[in-house]
Amino acid sequence: QVQLVESGGGLVQPGGSLRLSCAASGIIFSRYTVAWYRQVPGEQRELVAVIGSGGTTNYADSVKGRFTISRDNAKNTVYLQMNSLKPGDTAVYYCNAVQYINSRNYWGQGTQVTVSS
C-alpha cells in the first residue's frame, strides 16, 4: 500500500521558518517527480515547488528565494524548507508524487501551515 505522510506544519510568526517533510512508503520514491502544493479553503490547489527524479527543481514565483525543495532518496523523503514566511503562505500543504511513464499519482493527507502573529 502506497502512503505519503506529510509532517512539520504548525503555527509560526511572520518571518519565521518551517521545514515540511513528505515520507513515502510502498514506492521507490527516487523514481518519482515530487511536488508540494498548497490550498486555501475556497481556492484552487496551487503548485509551490517540484523536484524531478534527477534533482531538477522549480518554484512558484511567489516562493522563489524563500523556499527550497530537496530530497533524500535513501530515506524516501522529500523536504520543503520554508523561510521568511508570510501570512499569505498560510494554507494546507500537500505532497504529490508522480511517475509519468505509468501514470501513477499519489497524494498525502496534507499538513496545516499557519503564519500569524
For this session: Please test F67 against W36 for ring-ring contact (aromatic ring centres under 6.0 Å, His included), starting from the C-alpha separation and ending with a verdict.
Result: CA-CA 11 Å; F67 291 11; W36 286 96; over 10 Å; no
Do you know which two heavy atoms are closest between [X] and [Y], and how far apart they sit?
X: Q109; Y: L4; result: OE1-O, 3.4 Å
X: V34; Y: I69; result: O-CD1, 3.8 Å
X: G110; Y: V92; result: CA-CG1, 3.9 Å
X: P14; Y: S116; result: CD-C, 3.6 Å
X: T77; Y: S21; result: CG2-CB, 4.2 Å

Whether [X] side chain and [Y] backbone form a donor-acceptor pair below 3.5 Å:
X: N76; Y: A24; result: yes
X: N96; Y: Y106; result: yes
X: R71; Y: G54; result: no
X: Q39; Y: E43; result: yes

Exercise. Can you list the residues that meet the side-chain hydrogen bond (donor to acceptor under 3.5 Å, both in side chains) rule with R31, with sequence neighbours excluded?
Worked result: none
Taking the side chain as every heavy atom from C-beta outward, state whether [X] and [Y] have any atom pair closer than 4.5 Å.
X: V12; Y: T114; value: no
X: Q44; Y: Y37; value: no
X: L20; Y: M82; value: yes
X: L85; Y: L18; value: yes

For this session: Identify, with sequence neighbours excluded, every residue that meets side-chain contact (heavy atoms from CB on, under 4.5 Å) alongside S53.
Result: none
Problem set entry | Residue I28 excluded, over 12 heavy atoms near CD1 under 6.0 Å | no
Are [X] and [Y] linked, directly or through other ILVMFWY residues, by side chains that come within less than 4.5 angstrom of each other?
X: V2; Y: F29; answer: yes
X: Y59; Y: V115; answer: yes
X: Y79; Y: V50; answer: no

Residue pairs involving [range] (criterion disulfide bond (SG atoms under 2.5 Å apart); sequence neighbours excluded):
range: residues 44-73; answer: none
range: residues 20-79; answer: C22-C95
range: residues 32-77; answer: none

Exercise. Could you go step by step and tell me if Q1 and S25 meet the side chain to side chain contact (heavy atoms under 4.5 Å, CB included) rule?
Worked result: CA-CA 8 Å; Q1 183 180 0; S25 59; over 6 Å; no
Exercise. Under the side-chain hydrogen bond (donor to acceptor under 3.5 Å, both in side chains) rule, what pairs show up with a residue in residues 81-94, not counting sequence neighbours?
Worked result: S17-N83, R38-D89, R38-Y93, R66-D89, Q81-N83
